[in-house]
Number of protein chains: 2
Amino acid sequence: MEQKTLPHGLAASRPGGPGGSPGEHGAGTGLLFLREEQMRLAQDLFFFAYRDLTASADAILSELGLGRAHHRALHFVGRRPGIAVSELLALLRITKQSLARVLGELVERGYVLQARGPRDRRQRLLSLTESGRILERRLFERQRERMVSAYRDAGGTAVDGFRRVMRGVMDDETRRLLEPQEMLPPVLRRTAG
Amino acid sequence: MEQKTLPHGLAASRPGGPGGSPGEHGAGTGLLFLREEQMRLAQDLFFFAYRDLTASADAILSELGLGRAHHRALHFVGRRPGIAVSELLALLRITKQSLARVLGELVERGYVLQARGPRDRRQRLLSLTESGRILERRLFERQRERMVSAYRDAGGTAVDGFRRVMRGVMDDETRRLLEPQEMLPPVLRRTAG
DNA sequence: CCATTAAGTCAATGAAGCTGTCTTAACTGC
DNA sequence: GCAGTTAAGACAGCTTCATTGACTTAATGG
């Protein structure tokens, strides 16, 4: 009875039709595509896409007795070889203790290397070992396939839009961290000009 | 140019310049925007955007002693009032036991209502109570602000692209679940259409 | 009537985060 | 050169959220 004519469903009708071609953000169209249902849909998209993307590497991880936290650490160390522990903490936004467990295992298993910082010997600069690079690549490959086909199917314009929206959703702080300049260690930030 | 020539950094230079206008996926441009660095960047975007988006509701949640799992359940029940437990499980892809704890608390606190299914009395159809709707709205509001400004800044075309990429990243199975038809209970699926 | 299904339950376990406190070593500023 | 700060690591204990496996109860449906 109460669900005879279900007025809902996760991807309910798109009011105003911005699913098609909203025509920029002209004054005439108003803010149709900002309407509530659009935002609810965006929540769904985030949840499902992120879940499925991350899940795609799980098979390999559980094979090795590793978790997603290990993958994240591996990813960012691979992304930024020579990163200091404190910088990695700032990227991941977890506590030192949470990272320590994960990082400790990665070092112990020979995936990550710690090197004393040449300028600041308190630092432990992190990088991937050869087997770390191989593992990271295996994990990446699964996600890469998904993203490549998504990008290909959506087309270049869509990819650009995707990136703009993703950046827009982030904290200002996070967006700053994504800028190359900010990603360099402080030492280089002064030198590289 | 504005970003020197950096060996690394999370958002390294965009090869081929798809940041500008890649011109669909023409044969000439090749698959420039599918290159490795692009895919790594996409991983970063997913991680940071999802993290910041979900984190934006955390303050309210922890105030009430609830977690993100509660928010997810609340969201999907609100999104699909009258949903059966088994359907919610399929959406979230967690185990019955994991959901039971969370759902039990939400019912106990008076945010979620369980009603015996009229056609199948084994089912417990879930819906939000008035206070459940209020809470969900408070949580939604934080995320909505973020997404609205991201959408507005990016523009309608970008939003469309965003949605296409997000869908493309999902499992086929998940994509099916997002279609309105599939969101209807089996009984109606036969009747409606 | 009996097999299947929807939901709930018990018990144990694991992954991944958190807080707070503390130590050690190295850098930095006065 | 000493004092204060910083980078990293470690100990103890806790919370959230997921897992598996086995089992019960009630309702459905051939």
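Proteins get letters first, then strands, A, B, ... in listed order; numbering begins at 1 in each.
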Of the candidate nucleotides [options], which contains the atom at the shortest distance from the side chain of [X]?
X         : options                   : answer
Arg72(A)  : dA22(D), dA16(C), dT19(C) : dA16(C)
Gln114(A) : dC17(D), dG17(C), dG9(D)  : dG9(D)
Lys96(B)  : dG9(D), dG8(C), dC17(D)   : dG8(C)
Ser86(A)  : dG17(C), dC17(D), dA7(D)  : dA7(D)
Arg122(A) : dT19(C), dA26(D), dC27(C) : dC27(C)
Arg116(A) : dA7(C), dT28(D), dA26(C)  : dA26(C)
Arg101(B) : dT9(C), dG17(C), dA18(D)  : dA18(D)

[X] [atom1] - [N] [atom2] separation (whole Å):
X         : N       : atom1 : atom2 : value
Arg93(A)  : dC18(C) : CZ    : P     : 12 Å
Leu92(A)  : dA8(D)  : CG    : C1'   : 16 Å
Arg119(A) : dA25(C) : CZ    : P     : 24 Å
Leu66(A)  : dA15(C) : CG    : P     : 10 Å
Asp120(B) : dG8(C)  : CG    : C1'   : 15 Å
Asp58(B)  : dA16(C) : CG    : C1'   : 15 Å
Leu113(A) : dA8(D)  : CG    : C1'   : 16 Å
Ile94(B)  : dG8(C)  : CD1   : P     : 13 Å

Does a side-chain N or O of [X] approach OP1 or OP2 of [N] to a distance below 4.0 Å, or not?
X         : N       : result
Arg121(B) : dA27(D) : yes
Ser98(A)  : dA16(C) : no
Thr95(A)  : dG17(C) : no
His70(A)  : dA16(C) : yes

| said: Using modelled atom types and a 3.5 Å cut-off, is there a donor and acceptor pairing between side-chain atoms of Thr129(B) and backbone atoms of Tyr111(B)? | reply: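 The answer is yes, because a donor-acceptor pair under 3.5 Å joins these two groups.
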Under 3.5 Å: donor-acceptor pair, side chain of Ser62(B), backbone of Gly65(B):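 Side chain of Ser62(B) to backbone of Gly65(B), a donor-acceptor pair under 3.5 Å: no, none is there.
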Worksheet entry | Residue pair Tyr151(B) / Met39(A), side-chain heavy-atom distance below 4.5 Å | yes
- Item | Arg109(B) side chain to Ser131(B) side chain, donor-acceptor N/O pair below 3.5 angstrom |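 Their side chains do not contain a donor-acceptor pair, so the 3.5 Å distance test is not met.
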query = Under 3.5 Å, is there a donor-acceptor pair linking the side chains of Asp44(A) and His75(B)?
reply =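 There is such a pair (donor and acceptor under 3.5 Å, judged by atom type) between the side chains of Asp44(A) and His75(B).
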request  = Determine, stepwise, if the pair Thr174(A) / Arg51(B) fulfils side chain to side chain donor-acceptor pair (under 3.5 Å).
outcome  = CA-CA 10 Å; Thr174(A) 304; Arg51(B) 183 196 62 180; 3.2 Å; yes
- Task: Test for a donor-acceptor pair under 3.5 Å between the base of dT9(C) and the side chain of Gln97(B), counting only N and O atoms.
- Result: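 Check passes, donor-acceptor contact within cut-off.
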By the 4.0 Å heavy-atom rule, please label Glu105(A) as base, sugar-phosphate, or nothing.
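Counting heavy atoms under 4.0 Å across all strands, no contact is made by Glu105(A).
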*Under 4.0 angstrom, heavy atoms only, what part of the nucleic acid is Ala100(A) near: base, sugar-phosphate, or nothing?*
nothing
Closest to the 5' end of DNA chain C, once Val85(B) and Ala69(A) are matched to their nearest nucleotides, is Val85(B)
